[in-house]
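Written below as structure tokens is the structure these notes are about.
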Amino acid sequence: MNYLTGAWTWLTTPANWSGSDGVWQRLVEHLEFTGVCLGLSLLIGLPVAVVLGHLGRGGALAINISNAGRAVPTLALMSVLILTPLGDTSDYWPVVISLTLFGIPPVLTNAYVGIREVDRDTVEAARGMGMTGRQVVFRVELPLAWPLLMTGVRTAAVQLVATATLAAMAGAGGLGRIITAGFDLQSTPQVVAGAVLVALLALLVEGAFALAERALDPMRPARGQPGTESSRRSGLLRRRSLTIGEDL
Amino acid sequence: MSDNCLVANDWICGEYLRTRQHDLLSAVGQHLVLTAESMLAGLVIAIPLTLIARQWRLSTGPILAVTTILYTVPSLAMFSLLLPFYGLSPSLVVTGLTLYSLTILVRNFLAGLRGVPEDVKEAARGMGYGPVRLLLEVEVPLALPAVFAGIRIATVSTVALVTVGAIVGYGGLGNLILSGLHSVFKAQVLTASVLCVLIAVVLDLLLLGLERLSTPWTWRRTGLLRLRAVRPGAGSGNGAGRGSGAGPETSEREAAAR
């Protein structure tokens, strides 16, 4: 508990928040890395996933990219990139590139699976109504794939916020700097304070994306209301399992 | 000539491999031990947690919520938060990595058990199977593909995360990466990074082999489906393609949904 009070004291000391290595500065750096990398991950991952999902090809590719992404240690990739000519001028690009590569797999895989899982009959019906491929993607497949697609975006966002901390170990900025500086100073309260800040930011981002997912859902009027097909179906199932129980 | 690559600070350097063989081997050893300990501890905790979550509906939500929240704590922060309790020690790294593996393991185990068709369970009950025998002889074997998917994902990401343990001095190959970065020693950073990926790939393949050996019925069935998909006419429907891809896709989806 000593460490928690120490961390609280550190967090409530105004001097720790201002200046070029204060919390505000580090927070801005952190959000900048994360935002840019999430944007790049979406720019690269979403179109690929939508095209592959729409054509129904490359499922193995999408899954394998995701698995390979987990095997590459971000710290290692960052370190290698920093030692290339890319890292000569600043730490910015090595960090952004390795984090973007880290963010693509969850976006790509979830969006792909989401689009593949759209009921084929629905897609066929849309085509029967004379929709072009583009219309099918934007009016049918994307809205129906929305929950899973957003799960991927949210996962990527939270993991990026968490992983951007590693930039500090490679000498770049961000909230991780507070932790590594705490290690160098052997100040456990500062280390704990930094860790709490990052964990809180990750949880905040998770919450914000969960809210955005609901608020921006293109199918919001249709989903989750009584009488829609999905709720009726689960009601049926529940009733059926009840009767099975009664039979026993 | 052979000394030159160390002096020239080349990325690939045979001389480095030869002279620092001992360092590399001990780092690989530490990496493997940390990974194995974390995964074993993760399994020991995840199995009872899964059974509890399955048995009592009320506990499912909280168990999934807590393990998911643990997963959002950044690795660097996780090791830092555990610092007061363990000091600078290998147990600190193992505890942190164990907590991470829980999310993936519990989710996949639970999804696997839930995926067992109700008819199959009914049939087993009809044959006089009690709850324990039902679990061990019917549900667990049928859940094995999802169980292995969870173990594989958790193992691969644990191997990658061990490197972060370098902040407290117990990061296996991460120690070499970080010290190489600070001394701008290219051969060391690249060699250690490549070894790290190799360990992940080898462990993943070993687990895949183990999965194949323990679930022969899954790949026999996949083979059949693939045959059917090749047949003209059947290829145009999405059913066959989806069928053969359902295994990895669903497990991946479970993993990605965290």
Side-chain angles (χ1 to χ4, degrees), chain A residues 2-4 56 59-60 62-63 66-68 70-80 82-83 105-106 109-110 113 116-117 120 148 151-152 155 158-159 161-166 168-171 175-176 179-180 182-183 188 191-192 194-199 202-203 205-206 241 244 248, chain B residues 9 11 68-69 71-81 83-84 118 122 125 152-153 156-157 159-164 166-168 171 173-174 177-178 180-182 184-186 189-190 192-194 196-197 199-201 204 237-239 241-242 245 248-250 252-253 255-258:
Chain A
N2 223 350
Y3 293 104
L4 285 183
I63 308 280
S66 183
N67 290 339
R70 284 204 184 82
V72 179
T74 312
L75 183 64
L77 187 58
M78 236 178 241
S79 308
V80 170
I82 283 176
L83 294 184
T109 313
N110 276 281
V113 173
R116 290 303 302 152
E117 286 199 345
R120 287 298 109 186
L148 207 52
T151 303
T155 310
V158 173
Q159 294 195 351
V161 167
T163 312
T165 340
L166 294 184
M169 283 181 84
L175 284 174
I179 299 175
T180 50
F183 265 103
T188 310
V191 170
V192 175
V196 168
L197 281 174
V198 184
L203 286 175
V205 168
E206 164 97 32
S241 58
I244 291 174
L248 286 171
Chain B
N9 199 12
W11 284 105
T68 308
I69 288 175
Y71 203 83
T72 54
V73 181
S75 46
L76 188 55
M78 178 75 95
F79 295 146
S80 326
L81 283 173
L83 188 67
E118 198 56 41
E122 284 305 313
R125 283 194 201 105
R152 284 173 61 196
I153 296 169
V156 168
S157 52
V159 171
L161 281 174
V162 166
T163 53
V164 182
I167 184 114
V168 291
L173 291 161
I177 294 172
L178 210 58
L181 178 68
H182 290 317
V184 198
F185 190 173
K186 291 178 179 172
V189 173
L190 188 67
S193 305
V194 169
C196 205
V197 175
I199 291 177
V201 171
D204 196 38
N238 291 299
R242 279 173 76 83
E249 266 179 30
T250 37
E252 175 56 37
R253 185 187 165 183
R258 65 192 175 234

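Naming convention: chains lettered A, B, ... in sequence-line order (proteins, then strands); numbering from 1 in each chain.
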What distance do [X] atom [atom1] and [Y] atom [atom2] have between them, rounded to the nearest 0.5 Å?
X        : Y        : atom1 : atom2 : result
A/Ile179 : B/Leu81  : CD1   : CG    : 7.5 Å
A/Met169 : B/Ile177 : CE    : CD1   : 9.5 Å
A/Leu83  : B/Leu190 : CG    : CG    : 9.5 Å
B/Thr163 : A/Leu77  : OG1   : CG    : 11.0 Å

Between [X] and [Y], what is the shortest heavy-atom contact and its length?
X        : Y        : answer
A/Leu166 : B/Ser75  : CD2-OG, 4.2 Å
A/Ala71  : B/Ala160 : O-CB, 4.3 Å
B/Pro74  : A/Val198 : CG-CG1, 2.9 Å

For the interface with chain A, which of [options] has the highest count of heavy-atom pairs at distances below 4.5 Å?
options                                : answer
B/Val168, B/Ile69, B/Leu178, B/Val159  : B/Leu178
B/Ser193, B/Ala200, B/Ala166, B/Ser157 : B/Ser193
B/Val164, B/Val184, B/Asp204, B/Asn9   : B/Val164

Exercise. Answer yes or no: is there a side-chain heavy-atom contact under 4.5 Å between B/Leu83 and A/Val192?
Key: no
Quiz prompt | Close side-chain approach of B/Ser80 and A/Thr188, heavy atoms under 4.5 Å | solution =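 SC-SC contact between B/Ser80 and A/Thr188 ruled out.
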Chain B heavy atoms under 4.5 Å from [X]: which part of the residue, side chain, backbone, both or neither?
X        : result
A/Val80  : both
A/Leu203 : side chain
A/Ala68  : neither

Quiz item: Taking A/Ser79, A/Ala60, A/Ala199, A/Gly176 one by one, which has the highest count of heavy-atom pairs under 4.5 Å against chain B?
Solution: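 Ranked by heavy-atom pairs under 4.5 Å with chain B, first place is A/Ser79.
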